[in-house]
Amino acid sequence: MTFNSVVIAQNEDIALRYAVKFFDANKCGPDVGENNVFDWRGPCHIEDGNSVNIDLTGGYHTDGGHVKYILPQAYSASILGWSLYENKNAFEFTDMTEKSISILKRFTDLLLKAYTSDGNFYYQIGLEGIDDVYWGAPEEQDSPRPVKVINQDNPGSDVLGQASAALSLMYLNYKDIDSAYAQKCLDTAKVLYKMGKENKGPYPVKEKYKSHSYYDDLAWAAVWLYSAEREESYLKDAVKYSIQQDLRGNDPLEHKTTMYWDDVYLPTFIKLMDYTRNTRYRNAVEQNLNHWQNEIKETPGGLKYLKKNGVLMYAASESMIALMYSKRTGTSKYIEFAKSQINYILGENPFYMSYLIGFGGRFPDNPYHKAANGKELTDKGKIKGPAENLLKGALVNGPDIEDRYINDGNSNRVALEYNASFVGAVSTLINNNLINGIYE
Ligand code: ZN
Ligand code: CA
């Protein structure tokens with residue numbers, strides 16, 4: 001299918017800048033107003049953790065509501081951290097290195113606070129049921145903010161694995177900037193990994209962000225600990241855990257979905273391609289990429305449609321995997337696929353709709369985001385008209401299977417993990433282009 005629209009592909013640097021800066025909109029804590037591209041954001045939830053006498057302020061609201069769910073938050077930090085670690089030139093090229101480092105540090109500052117020396121790890125701040133009944137700015141919210149915790153009696157290998165990976169990556173990205181802080185990240189990464197390994201199981205969340213796998217998260221943590229320390233036992237663990245089934249009984253080597261907050265088998269395989277000679281990782285990633293090309297449904301406009309909830313996040317994730325794979329193997333087979341998905345997101349689709357807010361001439365103006373919205377809801381709980389504030393750089397959930405963007409209360413969802421996947425895809429594309437001398 002061909003389109004008359006402007007050539008999007010030359011503007012991916014702008015898209016990366018927008019998508020990185022989006023994270024400022026979801027900042028939480030007393031210092032939200034500092035170094036923030038959105039002047040409509042200010043301090044919020046400055047008493048987080050008070051109920052347990054621990055400072056749990058900071059970090060980010062996970063989506064358009066104000067709860068801080070640490071599993072998707074730590075996942076987002078690990079994907080952003082990996083993006084920066086592997087695609088340094090893309091961040092330099094777009095002048096986003098410093099901003100990305102400050103975003104990553106905000107994530108890890110909260111992860112460091114979430115672990116306390118008595119062996120507790122706080123994996124959620126705020127409660128969906130309480131937060132959902134409040135439709136308004138975070139700065140004015142005074143609802144109670146209960147916290148949830150795991151410890152040696154209650155497992156949470158998934159969230160601990162993700163947090164560990166994010167902290168190891170911060171060590172790698174930050175050791176030349178502030179070695180003491182980086183070391184603290186690595187030390188805590190080891191503690192959290194050990195905690196997740198010694199008491200295996202999924203964390204207890206049964207509602208939003210319910211987990212369906214934890215060996216993947218332990219493997220992801222182990223591979224980054226190995227990357228930081230080159231200690232063989234971590235590589236052995238990563239190899240062992242990476243092929244353990246998920247809780248639904250799926251074989252990771254026959255992977256049928258993609259990378260997201262619940263599933264990091266594929267990025268782990270990519271990293272194990274770097275560190276082992278075993279061809280099963282390459283084969284597993286390749287069969288997954290072929291599955292996407294040949295088996296996954298497609299909209300008439302060419303978007304691969306894994307699932308309605310998170311459709312563009314999945315397409316962005318798979319694009320990142322395709323590009324990381326292409327870089328390692330030298331195959332060009334999957335590059336066009338990745339570009340087609342990224343360009344679709346940015347407006348090369350039958351309705352010329354960009355799903356990155358603020359990018360191009362036409363984009364969703366009604367994201368489900370309480371801070372940006374500034375308006376009342378309809379009596380059916382839908383958003384009335386455009387948001388007061390432009391949520392520039394947010395990737396929304398996406399269109400339906402017929403390429404139509406419908407305001408059904410789901411298509412306009414935004415979340416940290418959506419943007420993390422998109423930053424991952426676009427930064428890898430730019431980095432690969434730089435390696436191949438595409439930009440002159
Ligand atoms: Zn807040
Ligand atoms: Ca998992």
Side-chain angles (χ1 to χ4, degrees), residues 23-34 36 38 40-50 55-76 78-79 106-107 109-110 123-127 130-131 134 136-145 147 155-166 193 196-197 200-203 205 209-223 238 241-250 252 255 257-269 317 369-372 416-417:
F23 286 88
D24 276 5
N26 277 36
K27 278 184 177 178
C28 185
D31 59 342
V32 169
E34 295 164 27
N36 196 318
F38 301 104
W40 39 271
R41 281 306 324 279
C44 63
H45 308 115
I46 57 172
E47 296 184 344
D48 277 358
N50 271 12
D55 175 13
L56 294 172
T57 61
Y60 297 86
H61 309 136
T62 299
D63 54 17
H66 303 148
V67 179
K68 298 192 283 203
Y69 299 96
I70 301 299
L71 177 60
Q73 190 148 157
Y75 161 81
S76 300
S78 77
I79 298 307
R106 190 175 191 87
F107 276 115
D109 282 348
L110 180 58
Y123 66 88
Q124 190 175 317
I125 300 119
L127 209 59
I130 296 173
D131 196 71
Y134 171 80
E139 291 83 0
E140 274 136 49
Q141 186 172 22
D142 58 5
S143 324
R145 301 267 287 174
V147 297
S157 307
D158 31 31
V159 67
L160 292 167
Q162 288 294 343
S164 174
Y193 175 70
K197 181 183 164 176
K200 291 191 193 69
Y203 78 160
V205 169
Y209 295 113
K210 178 176 160 54
S211 166
H212 301 90
S213 56
Y214 55 85
Y215 281 110
D216 59 325
D217 307 287
L218 288 175
W220 184 231
V223 89
Y241 295 147
S242 70
I243 51 170
Q244 299 282 325
Q245 289 181 350
D246 67 17
L247 294 166
R248 291 165 165 141
N250 294 315
H255 207 289
T257 62
T258 188
M259 170 186 92
Y260 67 114
W261 57 266
D262 199 12
D263 188 332
V264 287
Y265 283 108
L266 291 166
T268 305
F269 292 164
S317 285
H369 193 273
K370 295 175 191 178
L416 299 177
E417 64 271 19

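As the structure lists them, so they are numbered: ligands from 1, and atoms in each ligand from 1. This one's a predicted model, so the numbers in the text were calculated from it and none came from an experiment.
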Given His255 and Asp263, is the side chain to side chain donor-acceptor pair (under 3.5 Å) satisfied, shown in steps?
CA-CA 10 Å; His255 207 289; Asp263 188 332; 2.9 Å; yes
Which atom name would you report as the N, O or S atom of Asp217 nearest the Ca ion (ligand 2)?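 The atom in question is OD2.
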**Prompt:** Do His212 and Asp262 have side-chain atoms, one donor and one acceptor, less than 3.5 Å apart?
**Reply:**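 There is such a pair (donor and acceptor under 3.5 Å, judged by atom type) between the side chains of His212 and Asp262.
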Exercise for review: Using the Zn ion (ligand 1) as the apex, give the angle to atoms SG (Cys44) and ND1 (His45), rounded to 10 degrees.
Suggested key: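 Nearest ten degrees: 110°.
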### Task
Angle at the Zn ion (ligand 1): provide the value between NE2 of His61 and SG of Cys28, rounding to 10 degrees.
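That angle is 100°.
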Exercise for review: Over 60° means perpendicular and under 30° means parallel, so classify the ring planes of Phe107 and Tyr60, tilted if in between.
Suggested key: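 The rings of Tyr60 and Phe107 sit tilted, inter-plane angle from 30° to 60°.
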Of the backbone and side-chain N, O or S atoms of [X], does one lie nearer to the Ca ion (ligand 2) than 3.0 Å?
X	value
Asp263	no
Tyr215	no
Asp262	yes
Asp216	yes

Problem - Residues Asp24 and Lys27 bridged, charged N to O under 4.0 Å - result: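 Salt bridge: yes.
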- In this structure, which one of Leu127, Ile130, Asp48 forms a side chain to side chain contact (heavy atoms under 4.5 Å, CB included) with Arg145?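 That would be Asp48; it is the only one of Leu127, Ile130, Asp48 passing the side chain to side chain contact (heavy atoms under 4.5 Å, CB included) with Arg145.
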- Mind checking whether Trp220 and Tyr75 have side chains closer than 4.5 Å, heavy atoms only?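 SC-SC contact between Trp220 and Tyr75 ruled out.
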